[in-house]
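Report on one structure; see the data block that follows.
Keep in mind that this is a model prediction, so the values were computed, not measured. Reminder, nothing fancy here: chain letters follow the sequence lines and each chain counts from 1.
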Amino acid sequence: MSGSPGRPGGGSAAPEGFTLDEIVGRLGGVLVGDGSRRMTGIATLEGAGAQQLSFLSNPRYRSQLRSTAAGAVIVPAAARDDVPAGVGAIVADDPYVYYARAAQLFDARHRAKPAPGVHATAVVDPSAHVAASACVGAHAVVDAGARIGERCVIGPGTTVGEGASIGDDTVLAARVTVYHGCVLGARCIVHSGAVIGADGFGFAPSPEGFVKIPQTGRVVIGDDVEIGANSAIDRGALDDTVVGDGVKIDNLVQVGHNVRIGRHTVIAGCAGISGSSRIGERCMIGGGAGLVGHIELADGVVVGGMSMVTRSLDTPGFYTGAFPLMTNRDWERAAVTVRHLDDMRKRLRDLERRAGPPAGTGDGEPS
Amino acid sequence: MSGSPGRPGGGSAAPEGFTLDEIVGRLGGVLVGDGSRRMTGIATLEGAGAQQLSFLSNPRYRSQLRSTAAGAVIVPAAARDDVPAGVGAIVADDPYVYYARAAQLFDARHRAKPAPGVHATAVVDPSAHVAASACVGAHAVVDAGARIGERCVIGPGTTVGEGASIGDDTVLAARVTVYHGCVLGARCIVHSGAVIGADGFGFAPSPEGFVKIPQTGRVVIGDDVEIGANSAIDRGALDDTVVGDGVKIDNLVQVGHNVRIGRHTVIAGCAGISGSSRIGERCMIGGGAGLVGHIELADGVVVGGMSMVTRSLDTPGFYTGAFPLMTNRDWERAAVTVRHLDDMRKRLRDLERRAGPPAGTGDGEPS
Amino acid sequence: MSGSPGRPGGGSAAPEGFTLDEIVGRLGGVLVGDGSRRMTGIATLEGAGAQQLSFLSNPRYRSQLRSTAAGAVIVPAAARDDVPAGVGAIVADDPYVYYARAAQLFDARHRAKPAPGVHATAVVDPSAHVAASACVGAHAVVDAGARIGERCVIGPGTTVGEGASIGDDTVLAARVTVYHGCVLGARCIVHSGAVIGADGFGFAPSPEGFVKIPQTGRVVIGDDVEIGANSAIDRGALDDTVVGDGVKIDNLVQVGHNVRIGRHTVIAGCAGISGSSRIGERCMIGGGAGLVGHIELADGVVVGGMSMVTRSLDTPGFYTGAFPLMTNRDWERAAVTVRHLDDMRKRLRDLERRAGPPAGTGDGEPS
């Protein structure tokens with residue numbers, strides 16, 4: 001990590017890799033082939049060489065499996081017979097999850113943490129508590145009464161405000177801002193430029209202009225949450241903004257004040273969640289999608305990319321609202337017609353009235 | 001504030017709160033009940049306890065008013081009789097504005113500023129002017145010829161470029177960037193990650209690629225402006241980008257070069273204003289909305305969330321353009337049909353011609 | 001630049017300007033009028049005075065040309081006769097490109113770089129290589145093994161991660177983050193708040209929640225690339241994310257992991273490119289537009305603002321998909337009708353069947 005006070009010894013790099021026996025010993029799965037074979041990294045089916053491990057999780061890449069030059073592949077049982085002769089195989093229930101865990105094993109950076117300590121240029125208030133096992137990077141600022149948990153990494157230039165609390169093993173990358181009083185759980189990852197706890201957008205309109213409403217709530221974030229680069233999560237007005245355990249938020253996402261996001265929900269890049277909305281557990285919000293304020297999404301709701309959710313959704317399911325793409329010429333015509341849609345519907349109804357009862361199954365619209 | 005050189009003495013915290021008499025003495029309104037009752041904070045009607053002040057501004061929460069356990073409530077005259085027995089009442093013309101002002105009163109952080117002074121780790125150019133009453137935080141940078149006004153707060157890690165000017169009582173949070181030459185008025189609040197004065201997006205296409213057009217204008221921001229986290233306001237190409245007094249800009253908003261925004265306009269999160277557009281006074285731009293470049297919006301225009309404004313709007317009013325949300329299955333069908341809209345319109349016209357003059361009021365489309 | 005270790009001597013400012021002879025001598029074009037006339041800057045046709053150079057690139061401003069008070073104007077041959085008497089003219093093949101180059105000439109800031117050196121507060125790892133001609137600003141961090149090329153400018157508070165490489169003459173503004181291992185080419189400009197190389201958004205869903213997939217690829221950026229304020233470009237999962245030479249990316253743009261962007265493509269503000277998509281050369285992506293993942297855009301594709309691209313586009317051309325703007329009242333009606341579009345299409349077909357073969361050219365839809 002940049003500006004970290006030190007780096008661990010030689011333990012983090014693993015150029016020697018792991019044998020297939022070692023991998024299966026740590027991660028499970030059924031090995032087919034020579035367990036002494038040594039892998040030094042992971043690559044795609046197309047790109048992998050004889051010392052690299054690959055994986056098949058999407059059946060449509062099965063032809064790539066048949067021609068892969070990988071040293072070994074992680075496959076579901078159903079694809080075991082497609083593994084080329086001479087290529088090792090690890091049969092796993094969920095090859096994608098297995099790949100994720102194997103990648104964690106190979107990624108030295110994932111396993112290693114910078115050495116503990118506070119960089120000489122960091123500014124840590126005497127009343128702050130920084131765990132001895134934590135690492136505070138160059139030019140970081142930890143303000144009065146803040147608490148940095150065990151084995152945390154506070155990146156260079158990152159600011160942790162007064163009284164904020166960062167849970168054990170959480171990593172704040174370079175240039176993160178956590179405002180005063182906010183709380184992050186354990187094992188979170190927050191990427192550069194993310195801003196947690198800026199004021200929610202609250203103003204009372206008056207004849208003299210808008211009167212600012214102090215935002216006195218906090219942001220409270222659970223465990224195992226990841227927050228992408230340059231995303232912003234506003235503090236609550238009176239109550240807190242709450243992000244549940246296991247939530248994953250991509251880059252450039254806006255979360256308004258008093259929003260509540262249920263556990264294991266995923267929000268893709270550029271999405272915007274307006275104030276006071278509540279999102280259930282295990283929801284998926286597509287990239288660039290938007291929620292208006294004060295609505296509620298049930299557990300398991302999936303919102304398509306660039307769709308605007310204007311009302312509460314009580315039923316799990318996949319919802320979309322986005323204008324289909326066309327050539328600009330076709331779009332110009334369609335856009336004109338969209339403005340006449342209501343008129344067209346009336347004219348259609350009129351024609352139906354004049355034509356009398358339909359000959360067929362009667363799918364006419366009740367007028 | 002994080003990394004501030006010091007904090008004021010005991011004056012900022014007010015755990016003892018205010019009596020209702022004191023509140024009405026400072027903010028006006030008509031008190032009903034025991035004026036010696038002491039409030040220590042503000043909470044929602046549902047959450048407030050006996051020492052907390054609450055408010056009713058939206059009539060649909062009137063049932064919550066009837067059952068509130070708050071010590072006192074701010075209400076309009078019309079709701080005065082719904083205040084439960086034993087709960088104090090402050091009758092105000094605009095309870096929401098009254099709540100905003102009361103919240104400012106209770107919020108120590110709102111009233112207090114960190115103690116003046118320049119943090120030891122800040123880098124201030126000798127030719128810069130920093131008011132003695134201003135506070136410059138840890139690792140902040142104030143470059144040559146810049147001017148920091150009275151009682152300003154410059155957050156940790158914030159950069160004020162060469163010749164930039166920050167008006168009195170303006171607060172820049174942690175990690176704000178103000179580029180060279182830009183001007184902010186008095187009493188502004190700029191949240192973390194905001195970037196004011198980066199180059200506008202101007203390039204001349206040439207056979208060898210794009211030729212950069214130097215952006216030599218500034219950003220000029222009026223008084224009482226608030227700018228949200230990670231928003232970006234570009235400097236002008238030749239002229240300035242101008243943001244009027246009282247404008248409120250939410251998080252992750254993009255304002256292109258040479259844009260002009262009229263006084264007291266509000267722009268919600270994730271909106272994008274393309275270059276050279278002009279927005280009138282007291283407009284409201286919804287979250288995720290976009291304006292194309294070189295258009296003009298009259299005073300009082302309201303643009304719905306995620307709507308794209310492709311032309312000038314001369315008339316105040318509420319405009320929207322966003323595909324309605326449906327189940328993905330219904331959307332897939334609708335999306336196919338949208339591509340045939342122009343064709344459907346022609347077919348409808350053909351049927352009308354063949355059907356002859358309409359039986360009714362003649363709402364057929366002129367062909 | 002803020003917090004730079006020094007500024008060059010008197011060479012950067014050019015208050016004395018340039019004569020028309022000097023301009024034409026450097027930039028070419030055909031001069032009409034007195035070559036000894038001295039220009040001190042560039043302004044719009046409307047705003048320019050007698051010592052300022054202006055330009056006509058858009059024919060619809062020809063009336064402004066006829067009344068300009070500029071000292072001289074850059075014009076195409078076709079507009080030469082519209083230049084008022086007494087106003088000098090430079091006739092150029094492409095007046096807009098000529099304006100761009102002239103503006104570079106006049107802009108002292110464009111020509112000048114801060115003096116070389118590493119600011120006393122910067123933290124540079126001993127194993128990093130910083131060219132002697134480079135400038136590293138206040139509170140910047142350059143981590144182990146990183147490489148800063150000749151004449152680079154590293155802004156205040158900017159972080160260059162372990163092993164990252166910054167090409168010659170590249171400028172990183174204040175508060176930029178370049179993560180470990182990422183590579184930028186020569187002559188790039190990166191604006192404040194941009195984040196290059198944060199983890200891509202990759203998780204394997206499992207019954208216990210999402211398992212993080214380590215993102216072990218890099219971001220590799222070509223030469224002459226510009227990246228706007230607060231944009232984010234994620235590192236690849238296994239392979240790299242690649243941005244071609246001459247690409248221009250505006251503010252608040254999201255580029256997902258493993259995306260590949262072809263040379264000289266332009267991406268406007270607030271756009272989002274989902275993971276693994278490939279964009280050809282000389283494409284233009286409109287503001288707020290979005291691409292789903294794993295699609296491919298041919299060279300020369302133009303995508304309109306706020307349009308969602310849901311499929312690969314093999315043919316160059318201009319594509320759009322955005323709901324047209326209307327008054328909110330009309331929109332509410334249209335939105336209702338959009339939900340019935342599929343039904344309307346079926347009813348239209350039914351009416352056509354009942355009406356028999358069309359009288360005209362038979363543009364009925366095959367059923």
Point to revise | Top of B:F323, B:F210, B:F318 for chain C proximity - count of heavy-atom pairs under 4.5 angstrom | key: B:F318

Review point. Under 6.0 Å from the CE atom of B:M326, do we count more than 12 heavy atoms belonging to anything else shown?
Key: yes

Practice item. State whether the side chain of C:W331 and the backbone N or O of B:Y319 hold a donor-acceptor pair below 3.5 Å, judged by distance alone. Key: no

Review point. Does B:R218 offer a backbone N or O that forms a donor-acceptor pair with the side chain of B:D240 under 3.5 Å?
Key: yes

Point to revise | Evaluation steps, side-chain contact (heavy atoms from CB on, under 4.5 Å), between B:L238 and B:T216 | key: CA-CA 5 Å; B:L238 290 171; B:T216 58; 4.1 Å; yes

Review point. Is there a donor-acceptor pair under 3.5 Å between the side chain of C:T158 and the backbone N or O of C:A173?
Key: yes

Practice item. Could you tell me which portion of C:D94 (side chain, backbone, both or neither) has an atom closer than 4.5 angstrom to a non-hydrogen atom of chain B? Key: side chain

Exercise for review: Sort out for me which of C:V336, C:I267, C:T121, C:D330 touches chain B most, counting heavy-atom pairs under 4.5 Å.
Suggested key: C:I267

Study note, to complete from the structure: Turns out that what part of C:R339 lies under 4.5 Å from chain B's heavy atoms comes down to both

Review point. Tell me, side chain or backbone of B:L291 under 4.5 Å from chain C's heavy atoms, or both, or neither?
Key: neither

Exercise for review: Please say which of B:R354, B:K346, B:R347 ends up in a salt bridge (charged side-chain N to carboxylate O under 4.0 Å, His left out) with C:E352.
Suggested key: B:R347

**Study point:** Side chain, backbone, both or neither of C:L348 within contact of chain B (heavy atoms, under 4.5 Å)
**Key:** both

Study note, to complete from the structure: Honestly, the part of C:Y99 sitting under 4.5 Å from a heavy atom of chain B is side chain

Exercise for review: Measure distances from C:R263 to the heavy atoms of chain B and classify the residue's part below 4.5 Å as side chain, backbone, both or neither.
Suggested key: neither

Exercise for review: Let me know if C:T327 has heavy atoms under 4.5 Å from chain B in its side chain, its backbone, both or neither.
Suggested key: both

Practice item. Under 4.5 Å heavy-atom distance to chain B, tell me which part of C:A43 shows up: side chain, backbone, both or neither. Key: backbone

Check your understanding: Picking from B:T320, B:V253, B:D234, which has the most non-hydrogen pairs under 4.5 angstrom with chain C?
Key -> B:T320

**Study point:** Side-chain (C:S192) to main-chain (C:A174) donor-acceptor, under 3.5 angstrom
**Key:** yes

Practice item. Side chain from CB out, backbone as N, CA, C, O: work out which of these in B:V176 comes under 4.5 Å of a heavy atom of chain C, or both, or neither. Key: backbone

Check your understanding: Is a side-chain donor or acceptor of B:T241 paired with a backbone partner of B:H257 at a separation under 3.5 angstrom?
Key -> no

Practice item. Pick one of side chain, backbone, both or neither for C:H191, based on which atoms fall under 4.5 Å of a heavy atom in chain B. Key: both

Check your understanding: Side chain, backbone, both or neither: which part of C:E226 has an atom under 4.5 Å from a heavy atom of chain B?
Key -> side chain

Check your understanding: Out of B:D143, B:I196, B:I148, B:T177, which one pairs with B:V160 under the side-chain contact (heavy atoms from CB on, under 4.5 Å) rule?
Key -> B:I148

